[in-house]
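Take a look at the structure below.
Naming: A, B, ... by sequence-line order, numbering from 1 per chain. These numbers were taken from a predicted model, which means no experiment stands behind them.
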2 protein chains.
Amino acid sequence: MLPELKITPLRYVLAVVDQGGFHAAARQVHRTQPALSMAIRELENRLGEALFERGNQATLTPFGRYCVPRFRELLTQHDRLSGELVAQVERQAGHLDMAAVPSVASRLMPRLLADFVADYPGIRVSLHDGTADFVRDQVLAGEVDLGLTSLGEGNAALSFTPLLRDALGVVCRDDHPFAGREAVHWQELMGESLIGNGTSRLLQGTDAAALRDHHAFYISNMVSLTAMLVAGLGVTTLPQLAFPEEYQRLRFVPLSEPRVAREIGLLQLAGRSLSPGASAMADFITRALA
Amino acid sequence: MLPELKITPLRYVLAVVDQGGFHAAARQVHRTQPALSMAIRELENRLGEALFERGNQATLTPFGRYCVPRFRELLTQHDRLSGELVAQVERQAGHLDMAAVPSVASRLMPRLLADFVADYPGIRVSLHDGTADFVRDQVLAGEVDLGLTSLGEGNAALSFTPLLRDALGVVCRDDHPFAGREAVHWQELMGESLIGNGTSRLLQGTDAAALRDHHAFYISNMVSLTAMLVAGLGVTTLPQLAFPEEYQRLRFVPLSEPRVAREIGLLQLAGRSLSPGASAMADFITRALA
DNA sequence: GCAGGATGGTAAGTAAAGCTGATCAATCAG
DNA sequence: CTGATTGATCAGCTTTACTTACCATCCTGC
């Protein structure tokens with residue numbers, strides 16, 4: 001019922017007005033002169049009113065004078081939108097929300113983020129950190145585009161892209177016999193005062209599963225855990241990335257047998273596309289950690 | 001360089017989103033489902049990013065969610081413009097400026113304008129009145145769309161459409177011998193105290209041209225002229241439309257020989273179209289005075 | 001587990017739109 | 001009058017935008 005205006009003929013009209021003639025306008029829009037004549041004629045027919053005076057060369061009718069500023073306005077809106085979309089697609093603008101476990105957030109992300117914003121200065125990034133469960137829930141709820149976390153139990157709604165393996169090791173104080181050792185066998189831990197923590201579940205299903213029943217304490221909070229270790233109350237197992245390097249008195253010794261590692265990678269909703277910004281981040285991280 | 005968005009596919013996308021599926025959307029826009037699938041696919045290719053999740057039914061990608069409100073905005077602008085133009089073309093909105101000589105403005109226009117606004121309630125009309133020279137200059141300068149005036153000397157830039165003939169007659173007081181007569185011959189005026197006025201130039205080139213040299217006075221102002229006539233200082237010639245009917249003591253007697261009339265009609269710029277509103281008025285006046 | 005009815009995607013064929021190149025009439029400058 | 005330039009017109013080609021018909025998949029009810 002309302003006529004559907006096409007963008008191109010409107011542009012032709014403005015070109016004719018701005019250039020003062022069909023030939024010059026045709027050159028500007030990289031078409032031949034008959035193309036403009038016919039397209040504009042078609043537009044006039046659709047509107048039911050002439051835009052240019054017939055016979056007179058490139059002179060607007062009163063109706064044409066009425067239309068031109070309005071055409072220009074619509075074209076401006078169109079070009080603004082078009083440019084905005086291209087900027088998103090080309091990763092020159094946009095934003096993304098991501099979540100990561102604390103060890104990744106504090107040990108990997110600072111460098112990654114700095115490099116990312118250098119490559120994609122137009123993209124705004126929000127980073128939330130929390131436990132692996134928190135990260136998974138945020139991704140599942142669509143609160144964040146991407147999660148950077150360790151692999152939990154499989155979930156059909158989630159897709160996980162492994163990026164690096166984070167080997168489990170023993171953490172002890174610098175005066176402990178393990179300190180300075182190349183590696184430690186799990187059975188050696190059976191005689192130790194062993195402190196459990198949130199990452200201890202990584203042991204289940206491995207040869208060292210028995211250690212889980214051997215905990216003297218269980219401390220979920222990282223600050224408390226390190227305080228215990230510094231105080232010499234015992235040793236614990238931690239993935240290397242979670243080892244708090246800033247404590248001079250603590251040492252990390254790899255576990256030689258069994259070799260246990262958590263798989264760190266990108267978590268996203270399965271079967272769902274990423275926003276252009278999130279996609280840029282996912283590609284960037286994959287490249288950076290490959 | 002910037003991709004040129006077409007309006008129709010954007011509308012398809014919104015239909016799919018609003019209807020929750022391609023089939024329902026196709027029904028809404030009176031197309032078949034493959035038409036939408038292909039048009040939207042083409043749009044996605046042009047943008048370089050998917051709008052709907054592949055495989056998933058009618059689910060937007062994050063990029064799609066970003067686009068939809070912007071598409072809706074552009075379509076709103078488009079439809080507003082389209083509707084506005086149609087309203088102009090269909091004479092449901094618009095405006096026009098016209099000029100008329102005082103006799104026409106006061107004797108013909110009141111009725112014409114009342115009928116016009118009844119037919120075209122959306123069109124705003126401005127009416128300026130002035131001498132025939134003023135009307136001609138306003139039309140020539142493009143200050144008004146239409147002039148309603150008597151025919152002056154020909155001008156290639158102007159086009160005149162005659163509408164009615166306004167016969168010249170003698171105006172005298174009710175106690176004058178001419179009062180009540182059927183007609184008067186020009187030679188009878190040679191013995192009278194004759195007052196000239198702006199319309200006296202109509203006599204030139206006629207048998208009665210001699211009367212112009214016979215004026216006792218020349219009064220350009222209409223109010224002064226009628227005052228003179230009412231005071232019985234003489235008689236004058238006037239076109240019938242210019243005869244001030246509201247003065248009970250004045251009488252109008254047609255001039256039988258020569259039959260002189262001014263041609264009243266529409267004046268407009270030659271070779272230039274009228275605005276839709278002006279065109280409505282021109283057609284209306286032509287019909288009304290036919 | 002298997003028909004029946006949704007979903008959306010794909011392929012082939014068609015009508016129309018959009019463009020080019022050649023040509024034309026009209027206008028204008030030298 | 002001539003040569004250049006204006007916009008209009010037409011034939012012919014290419015591309016686009018559809019439609020119809022068909023296919024694979026998924027969900028629902030029996």
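Between the side chain of A:Arg65 and the backbone N or O of A:Leu60, at least one donor-acceptor pair lies under 3.5 Å. Remark: the backbone N or O of A:Phe63 is not paired with any side-chain donor or acceptor of B:Ser275 at under 3.5 angstrom. A side-chain donor-acceptor contact under 3.5 Å links A:Asp145 to the backbone of A:Asp97.
For the pair B:Phe22 CZ and D:dC26 C1', the interatomic distance rounds to 16 Å; values are reported in whole Å. Look at CZ on B:Arg27: it is 9 Å from P on C:dA6, rounded to the nearest Å. For A:Arg31 and C:dC19, the CZ to P distance is 5 Å, given to the nearest whole Å. Rounded to an integer number of Å, the gap from A:Leu43 CG to C:dC19 P is 13 Å. One can place CE of A:Met38 at 16 Å from P of D:dG7, the figure rounded to the nearest angstrom. Distance, A:Arg46 CZ to C:dA16 C1': 12 Å, rounded to whole Å. Taking atom NE2 of residue A:His23 and atom P of nucleotide C:dC28, one finds them 15 Å apart after rounding to whole Å. Protein atom CD of B:Gln33 is 15 Å distant from nucleotide atom C1' of D:dA17, rounded to whole Å.
For the pair A:Arg54 and D:dG7, the criterion of a side-chain N or O lying under 4.0 Å from OP1 or OP2 is not met. For D:dT19, one of the phosphate oxygens OP1 or OP2 lies less than 4.0 angstrom from a side-chain nitrogen or oxygen of B:Thr32. The phosphate of D:dT9 (OP1 or OP2) has a side-chain N or O of A:Arg41 nearer than 4.0 angstrom.
Side-chain contact check for A:Arg262 and A:Ser103: at least one donor-acceptor pair (N or O, by modelled atom type) lies under 3.5 Å. Counted by atom type alone, A:Ser273 and B:Glu53 present one or more donor-acceptor pairs between their side chains at under 3.5 Å. In the model, B:Arg272 has no side-chain atom that pairs as donor or acceptor with a side-chain atom of A:Thr59 under 3.5 Å.
Contacts with DNA chain D (heavy atom under 4.0 Å) in residues 4-12 of chain B: B:Lys6, B:Tyr12, listed by number.
Nucleic acid contact for B:Ala58: sugar-phosphate only, since backbone atoms but no base atoms lie under 4.0 Å from a heavy atom of the residue.
In summary, B:Arg201 and B:Glu153 do not engage in a salt bridge, as defined by a charged side-chain N under 4.0 Å from a carboxylate O.
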